[in-house]
Amino acid sequence: MSLLDDLVNNYLHQDLARIFTKVGIEADKIPEINRQILKEVNFAQWLLESARGESYLAVNANNFAGLKWRYPDMKGFAKPLKMKVPSESEEVEFCKFPDVEAFIIGYWKFLTRSPYKGLEEHTNTPENFLGFLKAKGYSTDPNYISKVVNLLPEAQKMLANAEGVVIPALVEKLQLIRAPQEVEVGQSFRIEGMARSADSGKVLSVMIDDKFPAPNVPIREDGRWKFDFVFKQKGDRRMIMAIDDQTLKIQMKVILPFDHQDDEKTQQPKASSLSGAKVIKLSGSVGIGGVNKADDVKAVKARLHELGYTWVGDPNSADRDRGLFDAIKLNGDGRVDVGETTHRWLQAANAPRWVLMPNSDPDNGLVNGELADIQDNHDYGTHWLADVIKEIAQDYQNSYRNTHPKAAFFAINDVSLPHGGDTPDHHGHETGMMCDVFLPKNNGTFGGIFWSSSEYDQDTTRAILKSIRKQKLVQARAVFFNDKKLIKEGLCTAMIGHDHHIHFEINPPIKS
């Protein structure tokens, strides 16, 4: 058995609650599902930090994490080992562990040191845990988090294989995750997708309208790929992505925006006569890199404040700060240009309002588990998403729970933070357009399980996914969940980190 095999087999069968109690971590604050997440992310860390078990420290000191000797914290858990490393001018003392099990216990003992106080509150996602460690100085590599996350599929597969479970590749062919259906001339947009794990490291070729080649797109280690593009001409356009014998085709409508000239002569978009619409006359752009004339800033702030983005500050003031720019980013690219997309949306009758997500409504099949969790505050998003959530719950209640009254509720979890923007818990969830859903259990409760758990209710999950996909604003390609059978049924798409919850995203509605 190789050293790495020994590590994975040992860690797989370790009781983390017992280890936490032994080293002084508050085990009751880290639920079982979080412990499983930690095992996966820890093993991904160790793959990276030990060069897959082949580093000098791994081979000679059973130290798979490059842990430095810290006295008195590590006394009794390891011994010091002096060695010369390229990054230091003098010899450095590292931890030397007698065996693999001692390393595992010692790793968690290392994290009880004062810089990592409060770790228990940051174990619900790989990104949150890794972000906490990096912020406390665990690694100085600016790309540390992404490097570890990219190794998660390999770590998950090794742990599963050690348990006798075979995890297939996330996708079996080239797959599109998200792409817009309509864009404006000159508007930058992003296309994202997945490729087979065997295609990682290769490149996609991209062809526009069957005759114009675009730059090749690299496929990452985790199989994901993405690229940004801008069309310069209007019309019905086509993009083809290809690798070997696999091809994806996308049809897209490209329309002309209003006049791009950004001054007093720029054509103002007309506001709808519908209730809720509002004329916002601008003489120049507002936001990051904008003209930012005082009256224009006040007009934009007033509308955003009215729509619920109250952190923009006093709407009667022309002050510009991070709050204003962040609010504009939630509605576009950080700038309101005269007559263009963000300006028109702010004027629309159905402009996106920023709201608290719906309260639980058990009679209509809905439970908001996020609102009930006072330790978390991913409770906010657009009213578009709030409406879709209520529609999903109602459809699920009518189509399934009325005939299966013991089935779990449609229970939602994370949306976005109170002011939107970056969140340590997720790569996305920044704009109030994405929602996570707890997995239902056979006993009618929900959450705290993986799709491979014996408690998992697949039939109820199928019904929930069908109700999600019925909603016209839901992006069909951005319903993520890793149940292999439901993926084959076309109800969801595989995505790293989605073994214990469903994730769905919505598109904006048609402006009115």
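Any value given below was found using the heavy atoms of this structure, including those in side chains, with hydrogens, waters and symmetry copies removed.
Annotation: side chain of Pro213 is not in contact with side chain of Val206 (no heavy-atom distance under 4.5 Å).
For Asp141 (side chain) and Asn143 (main-chain N/O), a donor-acceptor pair under 3.5 Å exists by modelled atom type. Under the 3.5 Å distance criterion, the side-chain polar atoms of Gln347 are matched with a main-chain donor or acceptor of Ile280. With hydrogens and angles disregarded, a donor-acceptor distance shorter than 3.5 Å links the side chain of Ser285 to the backbone of Val291. Between the side chain of Asn364 and the backbone N or O of Gln394, no donor-acceptor pair lies under 3.5 Å.
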Original post:
What's the verdict on side chain to side chain contact (heavy atoms under 4.5 Å, CB included) for Leu174 and Ile243, showing C-alpha distance, side-chain angles and the deciding distance?
Top reply: CA-CA 8 Å; Leu174 198 59; Ile243 181 171; 4.2 Å; yes
Subject >> Audit row: Cys435, Ile389, side chain to side chain contact (heavy atoms under 4.5 Å, CB included) steps and yes/no >> reply: CA-CA 9 Å; Cys435 180; Ile389 287 170; 4.0 Å; yes
**OP:** Start with the C-alpha gap between Trp384 and Trp345, add the side-chain angles, then the distance that decides, and say whether ring pair (Phe, Tyr, Trp, His ring centres under 6.0 Å) holds.
**Re:** CA-CA 13 Å; Trp384 302 333; Trp345 262 122; 5.0 Å; yes
Original post:
Going through the distances and angles, do Thr493 and Ile487 end up as a side chain to side chain contact (heavy atoms under 4.5 Å, CB included)?
Top reply: CA-CA 6 Å; Thr493 298; Ile487 291 170; over 6 Å; no
Original post:
Which is it for Tyr309 and Trp311 under the ring pair (Phe, Tyr, Trp, His ring centres under 6.0 Å) test, yes or no, and what are the steps along the way?
Top reply: CA-CA 6 Å; Tyr309 305 86; Trp311 62 92; 5.6 Å; yes
**OP:** Check the pair Tyr456 / Asp483 against side chain to side chain donor-acceptor pair (under 3.5 Å), numbers first and verdict last.
**Re:** CA-CA 10 Å; Tyr456 166 60; Asp483 182 325; 2.7 Å; yes
**OP:** Assess whether side chain to side chain donor-acceptor pair (under 3.5 Å) is satisfied between Asp319 and Ser317, documenting all intermediate values.
**Re:** CA-CA 5 Å; Asp319 291 344; Ser317 166; 3.2 Å; yes
**OP:** For Gln246 and Asp199, run side chain to side chain donor-acceptor pair (under 3.5 Å): C-alpha distance rounded to whole Å, both residues' side-chain angles, the deciding distance at 0.1 Å, then the answer.
**Re:** CA-CA 11 Å; Gln246 304 166 71; Asp199 292 327; 3.1 Å; yes
Original post:
Given Phe129 and Gln45, is the side chain to side chain contact (heavy atoms under 4.5 Å, CB included) satisfied, shown in steps?
Top reply: CA-CA 11 Å; Phe129 177 71; Gln45 286 179 281; 3.7 Å; yes
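Taking the six-membered ring where the residue is Trp, the centroids of Phe504 and Phe481 are separated by 6.0 Å or more.
Here Arg303 contributes atom CZ and Lys278 contributes atom NZ; the two are 6.5 Å apart, rounded to the nearest 0.5 Å. Interatomic distance, CD of Glu505 versus CG of Leu473, reported as 13.0 Å (0.5 Å rounding). Separating the CD atom in Glu154 from the CG atom in Leu48 is a distance of 10.5 Å, to the nearest 0.5 Å. Here the straight-line distance linking atom CD1 of Ile392 with atom CG of Leu366 works out to 9.5 Å at 0.5 Å rounding. The distance from the CD1 atom of Ile449 to the CD atom of Gln36 is 13.0 Å, given to the nearest 0.5 Å. Between the CD1 atom in Ile502 and the CZ atom in Phe410 there is a gap of 8.0 Å [rounded to 0.5 Å].
Taking the six-membered ring where the residue is Trp, Phe227 and Phe229 present perpendicular rings, their angle passing 60° and hence far from 30°. Using a 30° and 60° split on the angle between ring planes, His501 and His498 fall in the tilted class, from 30° to 60°. Ring orientation note: the planes of His500 and Phe450 are nearly perpendicular, at an angle over 60° on the 30°/60° scale.
Each of Asp436, Val437, Asn124 was evaluated against Asn413; a single residue qualifies, Asp436, per the side-chain contact (heavy atoms from CB on, under 4.5 Å) test. When the options Leu465, Asn402, Ile468, Thr460 are evaluated for a side-chain contact (heavy atoms from CB on, under 4.5 Å) with Tyr396, the one that passes is Thr460.
A cation-pi contact links Arg401 to Phe409, judged by a cut-off of 6.0 Å to the six-membered ring centre and 45° from its axis.
A pairwise comparison of heavy atoms in Val297 and Ala318 identifies CG1-O, 3.6 Å as the closest pair. Heavy atoms only, all atoms of each residue included: Lys441 and Ala408 are closest at N-CB, 4.4 Å. Closest heavy-atom contact between Tyr138 and Ala65: OH-CB, 3.7 Å. What you find for Asp499 and Gln156 is that their closest heavy atoms are OD2-NE2, 3.9 Å. Nearest heavy-atom pair, Thr382 versus Met357, reported as atom, atom and distance to 0.1 Å: O-CE, 3.6 Å. The minimum heavy-atom distance linking Ser360 with Pro362 is given by the pair C-CD, 3.7 Å.
The number of heavy-atom neighbours closer than 6.0 Å to CZ of Arg477, taken from other residues, nucleotides and ligands shown, is 12 or below. Under a cut-off of 6.0 angstrom, the local environment of NZ in Lys466 is sparse, with at most 12 non-hydrogen atoms contributed by other residues, nucleotides or ligands. The number of heavy-atom neighbours closer than 6.0 Å to NZ of Lys470, taken from other residues, nucleotides and ligands shown, is above 12.
Contacts of Asn34 classified as side-chain hydrogen bond (donor to acceptor under 3.5 Å, both in side chains), with partners at least two apart in sequence or in another chain: Thr123. Applying the side-chain hydrogen bond (donor to acceptor under 3.5 Å, both in side chains) criterion to Asp295, with sequence neighbours excluded, gives no partner residue.
Side chains of Asp296 and Ser283: a donor-acceptor N/O pair is present below 3.5 angstrom, by distance only.
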